[in-house]
Colleague: 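Sharing a structure, written as structure tokens. Questions coming.
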Amino acid sequence: MWTVIYIAPNKLIAEKYKKILTDEGMLVQLRAIGSTHLGEHASVEILVPESEAEEAHEIITGAMGS
């Protein structure tokens, strides 16, 4: 089961965090939320397998601080 660990404000930030997580060996999915006409500016959910959610959240939190 996939779990949302973060909602990025746009696709650019979501892609940045996806790369950080995949570099750590995690499976990551991105899912746009809200209106599709917003395109690159729509909020994006970052999802990982439930078993990796806690670790992924810690990685994202650490990346925000740097």
Colleague: Who are the salt bridge (Lys or Arg N to Asp or Glu O under 4.0 Å) partners of Glu45, not counting sequence neighbours?
Modeller: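 For Glu45 the salt bridge (Lys or Arg N to Asp or Glu O under 4.0 Å) partners, ignoring immediate neighbours, are Arg31.
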
Colleague: I'd like to know if Met26 and Met64 are part of one continuous hydrophobic network [Ile/Leu/Val/Met/Phe/Trp/Tyr, side-chain heavy atoms within less than 4.5 Å].
Modeller: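 In one cluster with Met64: Met26, yes.
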
Colleague: When you compare the side chain of Val48 with that of Val4, does any pair of heavy atoms fall below 4.5 Å?
Modeller: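 They are not in contact (no side-chain heavy atoms under 4.5 Å apart), so the answer is no.
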
Colleague: Determine the minimum heavy-atom distance between Leu27 and Pro49, stating which atoms define it.
Modeller: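 Closest approach of Leu27 to Pro49: O-CD, 3.4 Å.
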
Colleague: Would you call Ile13 and Asn10 a side-chain contact if the rule is heavy atoms closer than 4.5 Å?
Modeller: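 A side-chain contact under 4.5 Å exists here.
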
Colleague: Just jot down the side chain to side chain contact (heavy atoms under 4.5 Å, CB included) partners of Ala14, sequence neighbours excluded, or say none.
Modeller: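 So Ala14 forms a side chain to side chain contact (heavy atoms under 4.5 Å, CB included) with Ala8, Leu30, Val44, Ile46.
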
Colleague: Provide the full list of salt bridge (Lys or Arg N to Asp or Glu O under 4.0 Å) pairs with a residue in residues 46-64, sequence neighbours left out, each pair given once.
Modeller: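 Applying salt bridge (Lys or Arg N to Asp or Glu O under 4.0 Å) to every pair that reaches into residues 46-64, excluding sequence neighbours, yields nothing.
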
Colleague: Supply the atom-to-atom distance Ile33 CD1 to Ser43 OG, rounded to the nearest 0.5 angstrom.
Modeller: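 It is 5.0 Å, given to the nearest 0.5 Å.
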
Colleague: With a 4.5 Å limit on heavy-atom distance, are the side chains of Tyr6 and Thr61 in contact?
Modeller: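 In short, these two side chains do not touch, never coming nearer than 4.5 Å.
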
Colleague: Using the side-chain contact (heavy atoms from CB on, under 4.5 Å) rule, take Val28 and Leu47 through it: C-alpha gap first, then chi angles, then the decisive distance, then the call.
Modeller: CA-CA 6 Å; Val28 182; Leu47 302 96; over 6 Å; no

Colleague: How many angstroms lie between CD1 in Ile60 and CD in Glu24, if you round to the nearest 0.5 Å?
Modeller: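 Between atom CD1 of Ile60 and atom CD of Glu24 there are 10.0 Å.
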
